[in-house]
Colleague: 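I am attaching a structure below and will ask some questions about it afterwards.
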Amino acid sequence: MIKISPSILASDFANLGQEAKDMEDAGVEMLHIDVMDGHFVPNISFGAPVMKMVRPYFSRIFDVHLMISEPLRYIDDFVKAGADIITFHVECDSNVQATIDKIKASGCKVGLSVKPKTPAQAILPYLDQIDMVLVMTVEPGFGGQKFMADMMPKVQEFRKAIDESGKDIDLQVDGGVNEETAKICVQNGANVLVAGSYLFRQKDYKQAVATLR
Ligand code: DX5
Ligand code: ZN
């Protein structure tokens with residue numbers, strides 16, 4: 001089954017609660033929360049206090065994507081703010097194993113992400129410990145960028161490894177996902193679609209989610 005995770009980075013920040021609720025009503029499985037620190041990526045978004053305020057408006061999965069240099073330092077904050085799954089980057093400065101351990105000990109699910117230039121091999125050694133792989137299909141930092149179709153061999157590589165593992169691991173894609181590129185992602189093995197600008201720029205979220213699905 002395909003799961004859809006709208007990225008609130010593209011939503012109306014003055015109405016975050018309502019935007020989250022509207023997406024739940026539109027039938028999405030998750031809400032994608034993009035946290036940026038202006039260091040790991042060249043942009044600043046928002047942190048745990050903002051996320052905590054949105055939490056009561058969405059009853060399903062809070063899918064937190066940490067684009068920050070030191071995720072280990074902030075895991076407790078995001079757990080307390082209501083994360084269900086915390087994904088961080090294998091390219092970060094924190095110890096990857098210690099960060100996985102910390103997230104798991106908190107009771108949250110854990111995801112690992114790779115930037116476009118990072119090969120699948122960087123994550124494969126951790127595959128049996130994680131719940132989700134996130135393949136970036138743009139350089140992280142900004143919404144509204146063009147989908148990188150050349151990431152599809154990497155998606156295929158992960159699909160193969162996940163199937164071989166026999167484990168229930170989600171394969172998420174993030175960046176430039178729309179009604180056309182979503183098809184390409186799913187054909188290559190992704191099962192969780194993050195979409196920001198494609199979904200939030202449309203008037204009728206229910207229709208937009210249905211079209212994507
Ligand atoms: C990019 C973020 C994405 C972004 C996607 O750094 O991780 O989640 O919001 O936005 P779109 O769907 O507009 O490419
Ligand atoms: Zn993201």
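Counting starts at 1 for both ligands and their atoms, in listed order. Note: hydrogens, waters and symmetry copies are ignored here, and every other heavy atom, side chains too, is used.
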Colleague: Considering only the protein, which heavy-atom contact is closest to atom 14 (O) of ligand 1, and what is its distance?
Modeller: Gly176 N, 2.8 Å

Colleague: Below 3.5 angstrom, do we get any N/O pair linking Tyr198 and ligand 1?
Modeller: no

Colleague: Using a strict cut-off of 4.0 Å, indicate which atoms of ligand 1 neighbour a heavy atom of Ala195.
Modeller: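 Once the distances to Ala195 are compared, the set is 12 (O).
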
Colleague: At less than 4.0 angstrom from any non-hydrogen atom of His32, what atoms of ligand 1 do you find?
Modeller: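 In order of numbering, the contacting atoms are 8 (O).
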
Colleague: Hey, is ligand 1 close enough to Ser197 that some N/O pair sits below 3.5 Å?
Modeller: yes

Colleague: Should the ring pair Phe13 and Phe46 be called parallel, tilted or perpendicular, given that the plane angle runs from 0 to 90° and is split at 30 and 60?
Modeller: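 The rings of Phe13 and Phe46 stand perpendicular, inter-plane angle above 60°.
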
Colleague: Give, rounded to 10 degrees, the angle between OD2 (Asp174) and ND1 (His65) as seen from the Zn ion (ligand 2).
Modeller: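 It is 100°, given to the nearest 10°.
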
Colleague: Run the numbers on Asp76 and Lys102 for salt bridge (Lys or Arg N to Asp or Glu O under 4.0 Å), then give the verdict.
Modeller: CA-CA 9 Å; Asp76 282 335; Lys102 175 111 187 169; 3.3 Å; yes

Colleague: Below the 3.5 angstrom mark, is there an N/O of Gly196, backbone or side chain, next to an N/O of ligand 1?
Modeller: yes

Colleague: What atoms of ligand 1 come closer than 4.0 angstrom to any heavy atom of His65?
Modeller: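 Counting atoms of ligand 1 from 1, those under 4.0 Å from His65 are 7 (O).
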
Colleague: Is it the case that more than 12 heavy atoms not belonging to Phe200 sit under 6.0 Å from its CZ atom?
Modeller: yes

Colleague: Are the charged groups of Arg60 and Asp84 less than 4.0 angstrom apart, N to O?
Modeller: no

Colleague: Looking at atom 10 (O) of ligand 1, what's its closest protein heavy atom, distance included?
Modeller: Gly143 CA, 3.5 Å

Colleague: Between NE2 of His32 and OD1 of Asp34, what angle is found at the Zn ion (ligand 2), rounded to 10 degrees?
Modeller: 90°

Colleague: With a cut-off of 4.0 Å, which atoms of ligand 1 are near a heavy atom of Met36?
Modeller: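 In order of numbering, the contacting atoms are 6 (O).
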
Colleague: Tell me if the NZ atom of Lys21 is crowded by more than 12 foreign heavy atoms within 6.0 Å.
Modeller: no

Colleague: Note the single closest protein heavy atom to atom 9 (O) of ligand 1, along with its residue, its atom name and the distance in Å.
Modeller: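 Scanning the protein heavy atoms, the shortest distance from atom 9 (O) of ligand 1 goes to Ser7 OG, 2.8 Å.
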
Colleague: Might you confirm whether atom CG of Asp168 has over 12 heavy atoms from other residues, nucleotides or ligands at distances under 6.0 Å?
Modeller: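 At most 12 heavy atoms, drawn from other residues, nucleotides or ligands, come within 6.0 Å of this atom.
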
Colleague: For ligand 1, which atoms have a heavy atom of Met136 less than 4.0 angstrom away?
Modeller: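 This gives 7 (O) as the contact atoms.
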
Colleague: Counting only heavy atoms from other residues, nucleotides and ligands, does the tally under 6.0 Å from CZ of Phe142 exceed 12?
Modeller: yes

Colleague: Provide, to 0.1 Å, the distance between atom 6 (O) of ligand 1 and the closest protein heavy atom, together with that atom's residue and name.
Modeller: Gly141 N, 2.7 Å

Colleague: Can you sort out which atoms of ligand 1 are near Pro140, meaning under 4.0 Å from one of its heavy atoms?
Modeller: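 Answer, ordered by atom number: 6 (O).
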
Colleague: Check the surroundings of atom CE in Met148: do more than 12 heavy atoms from other residues, nucleotides or ligands lie under 6.0 Å from it?
Modeller: yes

Colleague: Testing the basics here: between Ala10 and Gly196, what is the closest heavy-atom pair and its distance to 0.1 Å?
Modeller: CB-C, 3.4 Å

Colleague: Strictly below 4.0 Å, N to O, side chains only: are Lys183 and Glu179 in salt-bridge contact?
Modeller: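 Salt bridge: no.
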
Colleague: Tell me the protein heavy atom at minimum distance from atom 3 (C) of ligand 1, and give that distance in Å.
Modeller: Asp174 OD1, 2.9 Å

Colleague: Give yes if a backbone or side-chain nitrogen or oxygen of Met67 is under 3.5 Å from a nitrogen or oxygen of ligand 1, and no if not.
Modeller: no

Colleague: By number and element, which atoms of ligand 1 are closer than 4.0 Å to a non-hydrogen atom of Leu9?
Modeller: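 Answer for ligand 1: 9 (O).
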
Colleague: Between Met152 and Cys185, is any pair of side-chain heavy atoms under 4.5 Å apart?
Modeller: yes

Colleague: Check ligand 1 against Gly175 and write out every atom of the ligand that is under 4.0 Å from a heavy-atom position of the residue.
Modeller: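 Per the distance check, 14 (O).
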
Colleague: Is it the case that more than 12 heavy atoms not belonging to Lys206 sit under 6.0 Å from its NZ atom?
Modeller: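 Atom NZ in Lys206 is not packed in, count stays at 12 or less.
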
Colleague: Considering only non-hydrogen protein atoms, determine which one is nearest to atom 1 (C) of ligand 1 and report residue, atom name and distance to 0.1 Å.
Modeller: Phe142 O, 3.6 Å

